[in-house]
Amino acid sequence: MKQRHPSDPNFEARIRSSFDQQGVMKTIGATLAHISPGEVRIELPWSEAVTQQHGFVHAGILSTIADNACGYAAYTLMPVNSEVLGVENKINFLAPAKGERFVSIGRVIKAGRTLVVCSGEVWACDGGRETLVAVMQTTMISLVK
């Protein structure tokens, strides 16, 4: 799908600056792996600190990295004088989240002037094998500063 061009030529620096301000991303050890217009990838290494009682990465953590990847994908296409905020999301968990690291990919489906609809995926990576463990659909809103 063809994405619209970002209205901010420095969108990548704006995304990185915003991401660096998120305490939750630092707490769980997530990092930005890729930023392009309409797409963002976030990586999370496995850590016992983010697991649930069965040793899988907790659903709330998967939701968090999917939501952030989608939000920042939307933010890449928003004007420089804006902020991004989630309005709604729906997530499906497809498989237990076990692996060495997890990659969340957020992609813009449709970017309007105010609302942006995105899709997200979370992949578990383990020894060269990748398993889709969650999918998300979300709506983001562009707030003018």
Side-chain angles (χ1 to χ4, degrees), residues 1-54 56-125 130-145:
M1 177 175 135
K2 183 179 178 190
Q3 294 297 337
R4 75 179 188 193
H5 188 72
S7 60
D8 175 11
N10 298 313
F11 71 92
E12 186 173 345
R14 184 167 45 99
I15 301 306
R16 289 191 185 284
S17 174
S18 177
F19 187 89
D20 289 345
Q21 294 175 51
Q22 288 204 0
V24 70
M25 293 290 101
K26 290 176 189 163
T27 298
I28 66 173
T31 57
L32 280 170
H34 170 80
I35 304 169
S36 63
E39 183 176 303
V40 167
R41 293 179 190 205
I42 294 174
E43 291 194 10
L44 175 72
W46 183 90
S47 165
E48 188 175 338
V50 297
T51 61
Q52 42 83 294
Q53 70 276 16
H54 302 290
F56 306 128
V57 172
H58 193 283
I61 299 297
L62 300 176
S63 296
T64 298
I65 63 173
D67 174 66
N68 259 354
C70 288
Y72 283 120
Y75 199 33
T76 65
L77 302 178
M78 292 180 183
V80 68
N81 64 335
S82 67
E83 293 286 341
V84 65
L85 191 62
V87 174
E88 177 182 34
N89 62 40
K90 162 78 168 90
I91 191 164
N92 292 95
F93 301 103
L94 309 175
K98 55 185 176 181
E100 299 166 352
R101 67 185 174 93
F102 301 84
V103 178
S104 179
I105 306 165
R107 292 184 184 98
V108 171
I109 296 172
K110 169 106 171 69
R113 281 179 282 148
T114 304
L115 297 178
V116 181
V117 177
C118 299
S119 66
E121 300 172 348
V122 180
W123 292 84
C125 305
E130 296 180 350
T131 304
L132 184 62
V133 296
V135 293
M136 174 181 272
Q137 182 167 316
T138 186
T139 304
M140 301 290 167
I141 190 167
S142 175
L143 301 173
V144 178
K145 290 183 192 177

Asks: Tyr75 vs Val116, test: side-chain contact (heavy atoms from CB on, under 4.5 Å). Steps then yes/no.
Replies: CA-CA 9 Å; Tyr75 199 33; Val116 181; over 6 Å; no

Asks: Roughly how far, to the nearest 0.5 Å, is CG of Leu77 from NZ of Lys110?
Replies: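 So the gap between those two atoms works out to 11.5 Å.
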
Asks: Does anything in residues 27-37 form a salt bridge (Lys or Arg N to Asp or Glu O under 4.0 Å)? List the pairs, not counting sequence neighbours.
Replies: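 Qualifying pairs: none.
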
Asks: List for me each residue that meets side chain to side chain donor-acceptor pair (under 3.5 Å) alongside His58, sequence neighbours excluded, and say none if there are none.
Replies: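 Here no residue qualifies.
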
Asks: Taking salt bridge (Lys or Arg N to Asp or Glu O under 4.0 Å) as the cut-off, I'd like each qualifying pair that reaches into residues 40-53, sequence neighbours left out, listed once.
Replies: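 Every pair satisfying salt bridge (Lys or Arg N to Asp or Glu O under 4.0 Å) with a residue in residues 40-53: Glu39-Arg41, Glu43-Arg101.
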
Asks: Considering all heavy atoms of both residues, which atom of Ala73 and which atom of Gly106 are nearest to each other, and what is their separation?
Replies: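 Ala73 and Gly106 have their closest heavy atoms at CB-O, 3.4 Å.
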
Asks: Can any side-chain N or O of Thr76 pair as donor or acceptor with the backbone N or O of Gly38 at less than 3.5 Å?
Replies: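 At least one qualifying donor-acceptor pair exists.
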
Asks: Among residues at least two apart in sequence or on other chains, which ones pass side-chain contact (heavy atoms from CB on, under 4.5 Å) with Ser47?
Replies: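 For Ser47 the side-chain contact (heavy atoms from CB on, under 4.5 Å) partners, ignoring immediate neighbours, are Ala49, Val50.
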
Asks: Rounded to the nearest 0.5 Å, what separates atom CZ in Phe102 from atom OG1 in Thr131?
Replies: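 If I round to the nearest 0.5 Å, the distance is 9.5 Å.
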
Asks: With sequence neighbours excluded, what pairs up with Gln21 under the side-chain contact (heavy atoms from CB on, under 4.5 Å) test?
Replies: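 Here the qualifying residues are Ser17.
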
Asks: With a 4.5 Å cut-off on side-chain heavy atoms, are Asn10 and Val80 touching?
Replies: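 Sidechains of Asn10 and Val80: no contact.
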
Asks: Looking at residues at least two apart in the chain, or sitting in another chain, which of them share a side-chain contact (heavy atoms from CB on, under 4.5 Å) with Ala13?
Replies: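 For Ala13, no residue satisfies side-chain contact (heavy atoms from CB on, under 4.5 Å) once neighbours in sequence are set aside.
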
Asks: Quick one: salt bridge (Lys or Arg N to Asp or Glu O under 4.0 Å) partners of Glu12, sequence neighbours excluded?
Replies: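 Testing Glu12 for salt bridge (Lys or Arg N to Asp or Glu O under 4.0 Å), a comparison that skips the adjacent residues, returns Arg16.
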
Asks: Return the OG1 to CG distance between Thr31 and Asp20, rounded to the nearest 0.5 Å.
Replies: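 Thr31 OG1 to Asp20 CG: 10.5 Å, rounded to 0.5 Å.
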
Asks: With sequence neighbours left out, what residues match Glu83 under salt bridge (Lys or Arg N to Asp or Glu O under 4.0 Å)?
Replies: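 Here the qualifying residues are Lys145.
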
Asks: By side-chain contact (heavy atoms from CB on, under 4.5 Å), which residues pair with Thr27, not counting sequence neighbours?
Replies: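 Thr27 satisfies side-chain contact (heavy atoms from CB on, under 4.5 Å) with no other residue.
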
Asks: Output all residues satisfying salt bridge (Lys or Arg N to Asp or Glu O under 4.0 Å) with Glu121, sequence neighbours left out; order by chain, then residue number.
Replies: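 Glu121 satisfies salt bridge (Lys or Arg N to Asp or Glu O under 4.0 Å) with Arg107 only.
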
Asks: Anything under 3.5 Å between a donor and an acceptor, one on a side chain of residues 86-99, the other on a protein residue two or more places apart or in another chain? List them.
Replies:
| from | atom 1 | to | atom 2 | distance (Å) |
| --- | --- | --- | --- | --- |
| Lys90 | NZ | Asn92 | OD1 | 3.3 |

Asks: Is the closest side-chain heavy-atom distance between Val103 and Ile42 below 4.5 Å?
Replies: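 No. Closest side-chain heavy atoms not under 4.5 Å.
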
Asks: For residues 61-72, which side-chain donor-acceptor pairs fall under 3.5 Å, sequence neighbours excluded?
Replies:
| from | atom 1 | to | atom 2 | distance (Å) |
| --- | --- | --- | --- | --- |
| Ser63 | OG | Ala59 | O | 3.0 |
| Thr64 | OG1 | Gly60 | O | 2.7 |
| Asn68 | OD1 | Gln22 | NE2 | 3.4 |
| Asn68 | ND2 | Gln22 | OE1 | 2.6 |
| Tyr72 | OH | Ser18 | O | 3.4 |
| Tyr72 | OH | Ser18 | OG | 2.8 |
| Tyr72 | OH | Phe19 | N | 3.3 |
| Tyr72 | OH | Gln22 | NE2 | 3.1 |

Asks: Measure the shortest side-chain to side-chain distance between Cys118 and Val108 over non-hydrogen atoms and say whether it is less than 4.5 angstrom.
Replies: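 Yes, their side chains come closer than 4.5 Å.
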
Asks: What I'd like to find out is whether the side chain of Cys125 reaches to under 4.5 Å of the side chain of Glu130, using heavy atoms alone.
Replies: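 Touching, per the 4.5 Å side-chain cut-off.
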
